[in-house]
Amino acid sequence: WVDAHPTVTHELIDDLRALYPGVEFYCIPYGQVAGELYDVSQVTGAASSSIFTDNLGHAGDILKDTGQYVWLYAIYGERPVTQPANVNYQTDLRAIAEDVIMEHDPHYDAR
């Protein structure tokens, strides 16, 4: 993820921005959240206890709940650390999301 995402996705966005001036193109590093969660949850199983619910990559609850912090920041600029903690987990999902967004190039956020 760390190596491929900026190279592939950011290049695509740059190309689209060049082809369609005035149209907003951006990316949200939601996919990186899954990689960060590998240490805190099982990979595949029930939505309530796994990152993915199946081998196709449908998100489990923890991936959705962590991802929402990333989306809030990428679109609205709301830092995860300023949001209420999700009490359904022992791990602070805000800290994981904060790490993801701080590693992401802000040039590709919506703001």
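Just so we're clear, the structure is a prediction, and the values are computed from it rather than from any experiment.
- By the 4.5 Å heavy-atom criterion applied to side chains, Asn86 and Tyr69 are counted as neighbours.
- Between Leu37 and Phe52 there is no side-chain heavy-atom pair separated by less than 4.5 Å.
- Cys27 is listed as a side-chain neighbour of His5, based on a closest heavy-atom distance under 4.5 Å.
- Asp92 is linked by a salt bridge (Lys or Arg N to Asp or Glu O under 4.0 Å) to Arg94, counting only residues two or more places apart in sequence or in another chain.
- Between Ser50 and Thr44 there is no side-chain heavy-atom pair separated by less than 4.5 Å.
- Applying the ring pair (Phe, Tyr, Trp, His ring centres under 6.0 Å) criterion to Tyr108, with sequence neighbours excluded, gives His10.
- Taking the side chain as every heavy atom from C-beta outward, Arg79 and Met102 approach each other to under 4.5 Å.
- At least one side-chain heavy atom of Phe25 sits under 4.5 Å from a side-chain heavy atom of Tyr20.
- In this structure, Ile101 and Pro80 have side chains that are in contact, with non-hydrogen atoms separated by less than 4.5 Å.
- Under the 4.5 Å side-chain criterion, counting only non-hydrogen atoms from C-beta, Ile13 is in contact with Thr9.
- With sequence neighbours excluded, no residue forms a salt bridge (Lys or Arg N to Asp or Glu O under 4.0 Å) with Glu36.
- By the neighbour-count criterion of 12 heavy atoms within 6.0 Å, atom CG of Asn88 is densely surrounded, having more than that number from other residues, nucleotides or ligands.
- Put simply, CG on Leu63 and OG1 on Thr53 are 10.0 Å apart, with the number rounded to the nearest 0.5 Å.
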